[in-house]
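Read the structure below first, then the notes.
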Amino acid sequence: MAEENIQYTFENPEYRATYWHTCSHVMAQAVKRLWPEVKLAIGPSIDEGWYYDMDAPFAFTPEHLGQIEGEMRKICKEKLKLERFELPRPEALKFMEEKDEPFKVELICDLPEDAVISFYKQGEFTDLCAGPHLDSTGRIKGNALKLTACNAAYWRGDSNRETLQRIYGIAFPKKDELDEYLARIEEAKKRDHRRLGKELGLFMLRDEGPGFPFFLPKGMTLKNILLDYWRKVHKKYGYVEISTPIMLNRQLWERSGHWDHYKNNMYTTVIDDVDFAVKPMNCPGGMLVYASEPHSYRDLPLRVGEIGLVHRHELSGALHGLFRVRCFNQDDAHVFMTREQMQDVIQETVRLFDEVYSTFGLSYTIELSTMPEDHIGTVEEWERNQDILKAAITDMGKDFVINEGDGAFYGPKLDFHLADSLGRTWQCGTIQLDSQLPERFELEYTGEDGQKHRPVMIHRVVLGSIERFIGVITEHFAGAFPAWLSPVQVKLLPVTDRAAEYAGQVSAKLDGLGFRVEVDSRNEKIGKKIREATLEKIPFMLVVGDRDMENGTVSVRRRSGEDLGAMSLEDFSTLLGDEVKTMAIK
RNA sequence: GCUGAUGUGGCUCAAUGGCAGAGCAUCUCACUCGUAAUGAGAAGGUUGUGGGUUCGAUUCCCACCAUCAGCUCCA
């Protein structure tokens, strides 16, 4: 290490970050050697590797990346020492102005007055950088680094500013580790829900409806299983369920604030000269339901769920399989409560989330999203509500990170993020604390004192969008859903035509017991039927042939390949029943 | 929306400025078979859409649409 005595293994996150950060400098140096006209912006290390943003008069291609890698290897072999030095602001500015690096000049200008302005020099290359860095480019293993992608990125993350080119790279201390990493990425791509969705016949997307998914029979079965599960869990937690209209008039959306804040993302139309909007969320409808009758403090907390179909006009470039769509089912619910009940309700909701996620074996990370620039309500109200959310999860011993300024326009929220097969995280659950909409809709309850009071509320989804959640669990299980979720739980595979009728009888019995069964009565060899049922990731295959017909048995094979041998249908249905019971509704 | 790439039968992928191919799937026939692919045959494509260049475009050029990667956004 250049200046600190950090543990010298790659498992040490600080060392890893330093290694990758130095790689980013080596990459920038390589680019400047190859194309001196390229202007450098920023080049940090990230969770997996590093990137460097730069402005080039041409578009980088994979061929360029190969060239850059080659130059990087040379730089590693040159074993250039990295030397840190500091300059006072005027000299620092002059230095980067002379190098004609406008982005660096801007960075220096924006540093606080009292900032130490440091540089790292390696050979002919010097970069503005806070460090730390490795002591020599020779520390980097040249044959264990790879530039993985080049993409666009906005300068300073601002879509109104220059579009730069971002080159991503990854490196390890050993070639084997790089190969292993790349192989892991390839494996993960096989779990992509878009690919599995097609292979397993779950859903499809068509040019005719970008972002509007079609559910195919198996995907629809899965969706319905999730909804059945959802209803059972919510019933247990004291929820009732409603359904509100998919379109409501402009006046309502103006009252809720959505018309002002999100009109551009709403699908609107005119009916009998009145503006209508397809709902982008369910809350205003829920407000109307609450307001439709008087409420007592005895009714609170009032938990009202709604599986609502919402439409949002997302930017075309943001669409992504089932993860980001323009039309989706939210497993929404609004809980109306007194101020005193807030912490209990939030904690109860988090417990519900824990129960649901653990049923699927999913782990999550929590973000607390705070007041955005575009908001309604007072700063004091926001801070009070943020503190309540924070206190509720802190009290439960949960970790969270703060996502500054990312709250909903009406209130702060706890977001629950789940990871996809490539480690990209997607917000699924959210708990949004809201004292604004009850105000706008003049919601009331009668308190113990006989007076009218204003309730507060949370908006919450667990699965988030059913569509996104299906995408997440498809990747999580790599398409091999546990038996309780599998669209088809059992496939009967008659060995010959002679067994077809028997297979039909067995199938009918299992169907009668509530299991999801198919029969593969094609005139194919048993090996082929097994192969295909395995590729369909069906949990149980029942091979039935002459022997089974004689003995009244089924020969059971698991999708893993395990042969459980012949057993009676009763024994099999008990086995399957037990397996399905893993569904965590007690 | 931005930058770049991609778009060929249902699916996965070839090929070419001069008659667009393969495997799987589909259909037909034969085979009746016991734990991951039986064989033979047939059918299936205005090469994303619309323009342009050319004797001729699926190939080259332009626009649009969609998808992919990332950025931005995500009530």
- prompt: Below 4.0 angstrom from OP1 or OP2 of B/C11, is there any side-chain N or O of A/R195?
  reply: no
Identity of whatever pairs with B/G7 - Watson-Crick or G-U, under 3.5 angstrom: B/C65
Distance-only polar pair, side chains of A/Y267 and A/H313, donor-acceptor under 3.5 Å: yes
field: Base of B/G34 paired with side chain of A/D546 (donor-acceptor, under 3.5 Å)
entry: no
- prompt: Considering heavy-atom distances to RNA chain B, does A/G545 or A/L164 have its closest nucleotide positioned more toward the 5' end?
  reply: A/L164
message: Testing the 3.5 Å rule here: is there a donor-acceptor pair between the side chains of A/T244 and A/N282?
response: no
query: Which letter, B, S or -, goes with each nucleotide of nucleotides 69-75 of chain B from 5' to 3', with contact meaning a protein heavy atom under 4.0 Å?
result: BBBBBBB
field: Between A/D420 and A/W426, a side-chain donor and acceptor under 3.5 Å
entry: yes
- prompt: Are OP1 or OP2 of B/C33 and a side-chain N or O of A/T496 less than 4.0 angstrom apart?
  reply: no
task: Without swapping roles, check the side chain of A/R440 against the backbone of A/R255 for a donor-acceptor pair under 3.5 Å.
output: yes
query: So, A/E524 and A/R522, do they make that salt bridge, N to O below 4.0 Å?
result: no
field: Check: A/N385/A/S435 side-chain N/O donor and acceptor closer than 3.5 Å
entry: yes
